[in-house]
*Asks:* 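First, the structure itself, so that you have it in front of you.
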Number of protein chains: 2
Amino acid sequence: MSWLHISPDSDFSLHNLPFGIFHTGDDRPRAGMAIGSHIIDLEAAAGSGLFGKRRFFKKVFAQETLNEFIALGKPVTNRIRRKVREWLELPGTPENALSILADRQTATMLMPIRVPNYTDFYSSIEHATNVGKMFRPDNPLLPNWRWMPIGYHGRASSIVVSGTPIRRPSGQILVPGGEPDTPIYAPSRQLDFELEMAFVVGKASTLGEPITVENAEEHIFGLVLFNDWSARDIQRWEYVPLGPFLGKNFGSSISPWIVPLEALKPYRVKGPKQTPLPLDYLKSKGAKNLDIALEVTLTSP
Amino acid sequence: MSWLHISPDSDFSLHNLPFGIFHTGDDRPRAGMAIGSHIIDLEAAAGSGLFGKRRFFKKVFAQETLNEFIALGKPVTNRIRRKVREWLELPGTPENALSILADRQTATMLMPIRVPNYTDFYSSIEHATNVGKMFRPDNPLLPNWRWMPIGYHGRASSIVVSGTPIRRPSGQILVPGGEPDTPIYAPSRQLDFELEMAFVVGKASTLGEPITVENAEEHIFGLVLFNDWSARDIQRWEYVPLGPFLGKNFGSSISPWIVPLEALKPYRVKGPKQTPLPLDYLKSKGAKNLDIALEVTLTSP
């Protein structure tokens, strides 16, 4: 459907069109959109007039992060997506194609956003029960879990883009068979990660004014994969009563491409029935869950 | 000791010289230092050549926050402090006095820093025991507390400058006498705040490389007062197992002036003797604690 060759098995089809920040060895970070084995250089596209308001969008897409763009809100970010798709579906190769396309294989992907805050939700009953078993075999799922989204703030400043090395942390550990409640300081022996989906929320809200469930999607720009690295031995000793801290905050990896929420519409399903029924302020209508199979491949270096 | 009149009972003596961000109704935020009833306009001072490297410092002090300045590190930030003090101790009123001084009473103070991360430590045994009693009367102080600094990440993006209104949050609350483990959604009925000192850490560090106790002070720029607003009824129901969340993250207030760590040298004392002895990586030498009486005055509007 496009003048551009897009391999049918590419994750980056016309339906995806995720946003990211890249450079091409010129140390000039700018915004792009993945398509097949290419990147749409959004700064160049803006410069060639693809979106109107040439100077405004050229400046927005020449930033080091997508924050300013995301803050413009859905009507604008979705229009850009639509314009790019129209451009890719033109009947023939447009004249500005060469100046707008970059090679994805040789580009360097950078952290797509500046993260001013990061919240980790404990958001599936299977996961919460499994992790709970690790630390509280007798009492894995606590009663509040069924009533509200249980979460905690992670370290926003240690979120890094996929590919950044993560160093095994050292910390206080209770050694099996050691003195009770007497830790040693050592590198973690129980390092793992949780594969998660992270929601990028970027349209500003006002301190003290809640965002309702109905309006939530206006604020969710898109999703990234998220590796929540966890040193379980450190976490086990430190986490009461204030929650996960050094066992979790030494680094979290996100994918460089942010998939717009709109691209995931075909995967929407209803969530499991909730018992007890949620309180009014948490009730939602329609298909709000996503049915996407995530897969992990482990390799040794 | 200065050509400038500084009231002897002012908190902002020649020994304090805290840094902040202000404007004077002209919507032009810039860096300043409090002295008596005045503010040293650091952008203007840089422009008049007080610090050398005129253009560089003029730009640093014309930022909306102190982050860029703080990132320059102690040798630079302390030199600026020294230069300002020398200027204030000149034998007569300097020619550039009028252009550098602003009136503190009519200036508007702004958030002095952009906060990319916020960690709240549970850092006195009396406080940890008191708060512990609120939630776990039988077991207020947990065994890890004596071994390590127990803390959690708060919401960095809801830290606001003193004077910003804080709205009472609504959330899930267990009502005394209600069904067990069955919350209602309502405005908090148990709102309080903890008066704390917050440390502003601003010199960059490298992900994965620890900062030793010996080097910690190179990274601590200064201190602010911090009001840790807390909705205890919300916190009580939500905080297990992941720690404080909505009961704490609706807003935290900091003072607009950051007092440099160096200004607090006269108040340094040894801390209480620790039992058990800390592990090696947490051992420190010398007077690392601060003996400062903090006071709270409550008034109704």
*Asks:* Quick check: under 4.5 Å, non-hydrogen atoms only, which of residues 186-209 of chain B neighbour chain A?
*Replies:* Leu207(B), Gly208(B), Glu209(B)

*Asks:* Quick check for you: to the nearest 0.5 Å, what is the distance between Lys248(A) atom NZ and His153(B) atom NE2?
*Replies:* 11.5 Å

*Asks:* For Lys283(A), does the NZ atom sit with more than 12 other heavy atoms under 6.0 Å from it, leaving out its own atoms?
*Replies:* yes

*Asks:* Aromatic rings Tyr281(A) and Tyr185(B): how do their planes relate, parallel, tilted or perpendicular, breaks at 30° and 60°?
*Replies:* parallel

*Asks:* Any chance you could measure Ile184(B), atom CD1, to Asp280(A), atom CG, to the nearest 0.5 Å?
*Replies:* 12.5 Å

*Asks:* Give the interface residues of residues 165-179 of chain B toward chain A, defined by a heavy-atom separation under 4.5 Å.
*Replies:* Arg167(B), Gln172(B)

*Asks:* Among Asp181(A), Asp120(A), Thr164(A), which residue forms the greatest number of heavy-atom pairs with chain B at distances under 4.5 Å?
*Replies:* Asp181(A)

*Asks:* Please identify, among Pro276(B), Pro244(B), Pro241(B), the residue contributing the most non-hydrogen atom pairs under 4.5 Å to chain A.
*Replies:* Pro241(B)

*Asks:* If you count heavy-atom pairs under 4.5 Å between each of Gly154(A), Ala128(A), Gly251(A), Pro116(A) and chain B, which one has the most?
*Replies:* Gly154(A)

*Asks:* Does Gln63(B) CD have over 12 foreign heavy atoms under 6.0 Å away?
*Replies:* yes

*Asks:* Can you list, pair by pair, the side-chain donor-acceptor contacts under 3.5 Å of residues 156-163 of chain A, counting residues two or more places apart and other chains?
*Replies:*
{"residue": "Ser158(A)", "atom": "OG", "partner": "Arg155(A)", "partner atom": "O", "Å": "3.4"}
{"residue": "Ser158(A)", "atom": "OG", "partner": "Asn249(A)", "partner atom": "O", "Å": "2.8"}

*Asks:* Val240(A) pairs by side-chain contact (heavy atoms from CB on, under 4.5 Å) with which of Ile150(B), Asn144(B), Asn139(B)?
*Replies:* Asn144(B)

*Asks:* Is it the side chain or the backbone of Arg136(B) that comes within 4.5 Å of chain A heavy atoms, both, or neither?
*Replies:* side chain

*Asks:* Quick check: under 4.5 Å, non-hydrogen atoms only, which of residues 217-239 of chain B neighbour chain A?
*Replies:* Trp237(B), Glu238(B), Tyr239(B)

*Asks:* Determine the option with the most heavy-atom pairs under 4.5 angstrom with chain B, choosing from Phe245(A), Phe250(A), Tyr152(A).
*Replies:* Phe245(A)

*Asks:* Rounded at 0.5 Å granularity, tell me how far CH2 in Trp145(A) sits from CG in Leu242(B).
*Replies:* 11.5 Å

*Asks:* Can you establish whether the number of heavy atoms outside Lys288(B) located under 6.0 Å from its atom NZ is more than 12?
*Replies:* yes

*Asks:* For each of Gly151(A), Gly243(A), Pro210(A), tally heavy-atom pairs with chain B at distances under 4.5 Å, and name the one with the top tally.
*Replies:* Gly151(A)

